[in-house]
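Heads up: the structure comes next, in structure tokens.
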Amino acid sequence: MDKFVIRGGNPLLGTLRVSGSKNSALPCMAAAILTEEEVVLENIPQVRDIETERKLLTSMGAEVELGYGRAHHRTTISCRVLSDPTAKYEIVKTMRASSLVLGPLVARTGMARVSMPGGCAIGARPIDLHIKGLETMGAQIAYEHGYIEARAERLKGAHILFDKITVTGTEDLLMAAVLAEGETVMENCAREPEVTDLAGLLTAMGAKIEGAGTPTIRVQGVEKLHGAKHRINPDRIEAGTFLIAGAITGGDLMVTQCNPQHLGAVIGKLQECGVRIEATGEDQIRVRSEGNLKAADISTEEYPGFPTDMQAQYMALATQAEGASLVKENIFENRFMHVQELVRMGANIRVDGRTATVRGKTPLSAAAVMCSDLRASASLVLGALVADGESILDRVYNIDRGYERIEEKLRGAGAQIRRMGNVFS
Ligand code: EPZ
């Protein structure tokens, strides 16, 4: 298993380039199931979860080309033949987002067998709302041997009201609705930019969608969809992570190929902490800090609120801020896996249910730490960048799931970080 060796203390200077969004690319790749024609997606990030999605689609009979040349990070997907509309347990257990194939498989082939996603480090993460929506659209659902089986001659347009806001639930049912018979109205939808990005691809494929990015999405079902070419959004969470890397190290960084419009809550919060941030163009942000950070509370909310995927990274920053910061995690029930590891580095953090109290400023000292889930791992990288001495981060495959060559990017901005062990072992 790969490890990272990080020696803290260097301010990050220069430029960090943001890759395409993993959480946009995953639903957009699944959307290729909806047509027998070729779908070309650009700005695909070179991360493990994309490779997992390639394996998943290929296992169902799709042809998936995936290339990461200097010129392009592109995938070309052809689902002309879907010989086996099944998402197998061996693949689903490594990536819950596999459930995104459920809606498009039923819509395109009339049937889907998807392994129930097991538990996950950050919470139970059921997909009951995905299934309830498909049933509302007329799918017959059965459960056996740990699989969900969904069947429908042709899904029917329906009125769907989500009990809770769910990002992939909104995406899954949006992909089911575009080929359904008649109109579907979905209420209490997720407003994340990844939903809007997916709707952009589906519209380019011939779907009729109104309201993506708002709580109510209206879809007129069509008979068929055609191929399309689409460029994936920049990854707003990678960009946010880099902004915090610049702030926590007291550096001066330009974060490029990002979309400042998607980072309002994060930028606002960092400015409240005393970080100097300015959008210096439509796709770049400059972040500077002299280290005199002030404590500020966060409460994670659905978009456009402060993203849960930035909570762990913010907590690392809060350890370096003067005062007490309250960090409330409202989306997932177990998303404090990074706390104990940060405490081992010297942080003063106390957890009470869904609220962590971070008292700073505490100097962090280098330690051997364990990466757990993707964003907790990013938090440990940020801590190690300011810790005194050399930290060893184990199980960095967790980071490789959602960050493209993060050690190369950070090294390019002056971080002392290297990978031990063979890449993607
Ligand atoms: C997406 O997960 C993201 N993943 C997550 O990013 C992100 O943390 C999350 O949205 C919240 O923003 C992808 O887009 C691939 P949810 P998702 O359904 O869709 C409950 C990362 O780090 N819920 O919006 O699985 C659920 O348990 C990952 O990149 C149900 O109860 O999250 C949670 O408490 C981690 N029933 C809440 O809703 C359902 O059917 C929000 O979950 C679905 C969800």
Side-chain angles (χ1 to χ4, degrees), residues 19-31 45 47-50 52-53 56 92 94-103 114 116-136 141 148 150 160-176 186 188-198 215 232-233 235-241 262 265-266 300-314 329-335 337-338 354 371-379 398-404:
S19 299
S21 162
K22 158 179 90 81
N23 290 350
S24 271
L26 291 171
C28 286
M29 289 175 79
V47 297
R48 269 179 185 271
D49 276 9
I50 297 301
T52 304
E53 178 92 349
L56 173 62
V92 175
T94 65
M95 186 180 71
R96 326 176 32 71
S98 307
S99 57
L100 277 165
V101 302
L102 185 59
V114 175
M116 289 290 277
C120 147
I122 61 178
R125 300 185 70 186
I127 57 168
D128 56 309
L129 301 179
H130 301 228
I131 296 162
K132 188 176 163 192
L134 284 174
E135 282 180 314
T136 308
I141 305 288
I148 311 152
I160 293 169
L161 171 59
F162 287 104
D163 300 351
K164 284 180 82 168
I165 294 175
T166 160
V167 176
T168 50
T170 301
E171 293 164 345
D172 212 354
L173 292 170
L174 176 58
M175 290 190 277
M186 304 197 304
N188 200 25
C189 295
R191 299 161 57 188
E192 270 67 6
E194 292 75 42
V195 173
T196 313
D197 206 6
L198 171 64
I232 298 293
N233 269 352
D235 192 314
R236 61 191 170 98
I237 304 301
E238 184 189 24
T241 304
H262 294 160
V266 173
T300 63
E301 307 291 344
E302 294 86 359
Y303 191 87
F306 192 94
T308 176
D309 289 353
M310 284 297 302
Q311 178 259 106
Q313 298 92 309
Y314 179 79
E329 174 52 62
N330 296 305
I331 308 295
F332 291 111
E333 62 269 29
N334 184 34
R335 202 166 198 177
M337 308 278 278
H338 43 289
R354 289 209 175 187
C371 294
S372 53
D373 61 276
L374 169 58
R375 307 305 172 180
S377 309
S379 170
N398 287 293
I399 299 177
D400 293 331
R401 290 192 56 173
Y403 289 92
E404 176 174 336

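What you are looking at is a predicted structure, and each value in this text was computed from that prediction instead of being measured. Atoms within each ligand, like the ligands themselves, are counted from 1 in listed order.
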Do side-chain atoms of S379 reach the backbone of A312 as a donor and acceptor pair under 3.5 angstrom?
-> yes

Is it true that K164 lies under 4.0 Å from ligand 1, counting heavy atoms only?
-> yes

Compute the minimum heavy-atom distance from R335 to ligand 1 and say whether it is under 4.0 Å.
-> yes

Proximity to ligand 1 by part of [X], non-hydrogen separation under 4.0 Å:
{"X": "R125", "value": "both"}
{"X": "L129", "value": "both"}
{"X": "T308", "value": "side chain"}
{"X": "H130", "value": "both"}

Pull out every atom of ligand 1 sitting under 4.0 Å from any heavy atom of [X], numbered as shown with elements.
{"X": "K22", "value": "21 (C), 29 (O)"}
{"X": "I331", "value": "33 (C), 34 (O), 41 (C)"}
{"X": "I127", "value": "39 (C), 40 (O)"}

Tell me which protein heavy atom sits closest to atom 36 (N) of ligand 1, plus the residue, atom name and distance to 0.1 Å.
-> D128 OD1, 2.7 Å

Taking NZ, NE, NH1 and NH2 as the nitrogens, is one of them in R335 or D309 under 4.0 Å from a carboxylate oxygen of the other?
-> yes

